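The structure under discussion appears below in the form of structure tokens.
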Number of protein chains: 2
Amino acid sequence: MIHQRECPIETVIHVLGGKWKPTILWNLVESTKRYSDLEKLIPDVSQKMLTQHLRDLEHEGVIQRTVYPTVPPKVEYSLSEYGRTLVPVAEMMCAWGEKHNERKQKEPAS
Amino acid sequence: MIHQRECPIETVIHVLGGKWKPTILWNLVESTKRYSDLEKLIPDVSQKMLTQHLRDLEHEGVIQRTVYPTVPPKVEYSLSEYGRTLVPVAEMMCAWGEKHNERKQKEPAS
DNA sequence: CAGTATCCCAATCGATACTG
DNA sequence: CAGTATCGATTGGGATACTG
């Protein structure tokens with residue numbers, strides 16, 4: 001992947017743009033969650049995508065991964081302080097998205 | 001494509017998430033542009049993608065397409081009033097994206 | 001001028017099976 | 001419990017050629 005991002009909007013889309021990334025984010029806003037919690041909270045996500053998205057978000061510094069070296073293993077995911085700076089952006093996107101969805105329902109023709 | 005959008009963030013990503021869509025949007029914020037203007041302003045976009053993205057944005061109601069039935073044809077694209085409601089959202093995304101890009105440059109390690 | 005049409009490659013995502 | 005590995009289907013995007 002080329003890491004010249006002319007447009008910073010693409011950066012946000014890159015960070016948030018994965019099928020389950022927004023959902024993961026919302027779930028971690030409330031509180032820290034274990035891997036298995038996220039699996040239950042997001043029933044339709046495959047293990048592959050959940051793991052991949054968690055790794056991506058971790059790499060971007062948005063979430064933190066904490067491993068407890070116990071048997072069986074315990075891994076917790078939480079929003080980092082930095083990740084919380086993304087929340088207002090996500091909320092603004094969410095607000096526009098909601099209005100847009102309503103609008104599209106009202107005018108199927110145009 | 002399934003049009004159930006559980007998360008409205010995905011809606012925004014769907015509207016703005018195409019390789020050249022943000023760029024197209026920025027170019028239309030200033031003023032109305034002709035198809036050929038956009039081709040010149042965005043040299044790396046292929047005709048296929050430019051046309052496709054313009055159609056997408058038009059379908060979402062973000063831009064307006066005006067055809068002048070002259071020979072040769074003249075087609076103008078402009079941001080709709082509705083499309084302008086998306087600009088503040090895009091700007092907020094842009095601001096976060098810029099900071100994020102700076103951050104990533106500063107800490108290549110972690 | 002403003003597009004279409006076609007072919008092809010790369011990335012994304014899902015399903016399934018397996019493991020420290 | 002928390003993953004990894006592999007395969008295959010779908011989608012996004014680029015290159016080229018052609019048209020009302």
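Given the structure is predicted, the values throughout are model-derived calculations rather than measurements. In what follows, chains are A, B, ... by sequence order, proteins preceding strands, each numbered from 1. Scope of the values below: all heavy atoms of this structure, side chains included, with no hydrogens, waters or symmetry mates.
Taking side-chain N and O atoms only, H53(B) has a distance below 4.0 Å to OP1 or OP2 of dG13(D). Listed pair W20(B) / dG14(D) meets the phosphate criterion, a side-chain N or O lying under 4.0 Å from OP1 or OP2. Listed pair S36(A) / dA2(D) meets the phosphate criterion, a side-chain N or O lying under 4.0 Å from OP1 or OP2.
K21(A) places its NZ atom 8 Å from the P atom of dT12(C), with the value rounded to the nearest Å. In this structure, the CD1 atom of I42(A) is 14 Å from the P atom of dA2(D), given to the nearest Å. Remark: P of dA2(D) and NZ of K40(A) are 8 Å apart, rounded to the nearest angstrom. In this entry the distance linking CD of E39(B) with P of dA2(C) reads 8 Å, nearest Å. Distance CG (D44(B)) to P (dG14(D)): 9 Å, rounded to an integer number of Å. Distance CG (L38(A)) to C1' (dC1(D)): 13 Å, rounded to an integer number of Å. Between the CG atom of L50(A) and the C1' atom of dT12(C) there is a distance of 16 Å, given to the nearest Å. When rounded to the nearest whole Å, the span between CD of E10(B) and P of dT11(D) equals 15 Å.
If you check dA17(D), dA2(D), dG13(D) against the side chain of Q47(B), the one that comes closest is dA17(D). The side chain of R55(B) lies closest to dG3(C) when the candidates are dG3(C), dC13(C), dG3(D).
Note that CD of Q47(B) is 5.0 Å distant from CD of E39(B), once rounded to the nearest 0.5 Å. Between atom CG of residue L57(A) and atom OH of residue Y77(A) there is a gap of 10.5 Å, rounded to the nearest 0.5 Å.
Residue-to-nucleotide proximity on DNA chain C shows that, of M49(A) and L54(B), the 5′-proximal contact is made by L54(B). Comparing V45(B) and P72(A), the nucleotide of DNA chain D nearest to each residue sits closer to the 5' end for P72(A). The residue among T51(B) and R34(B) whose nearest nucleotide of DNA chain C is located toward the 5' end is R34(B).
Taking 4.0 Å as the cut-off between side-chain N and carboxylate O, K104(A) and E60(B) count as a salt-bridged pair.
As judged by a 4.0 angstrom heavy-atom cut-off over every strand, Y77(A) is placed among residues touching the sugar-phosphate backbone only. Using a 4.0 Å heavy-atom cutoff across all strands shown, K48(B) reaches at least one base atom of the nucleic acid.
Side-chain N/O atoms of K19(B) and base N/O atoms of dG12(D) include no donor-acceptor pair closer than 3.5 Å.
Of the candidates T11(A), I13(A), V12(A), I13(A) is the only one forming a side-chain contact (heavy atoms from CB on, under 4.5 Å) with I9(A).
Shown here, dG3(C) forms a base pair with dC18(D); the pair counts as Watson-Crick or G-U wobble because both key distances fall under 3.5 Å.
A 6.0 Å sphere centred on CD of E81(A) holds no more than 12 heavy atoms belonging to other residues, nucleotides or ligands.
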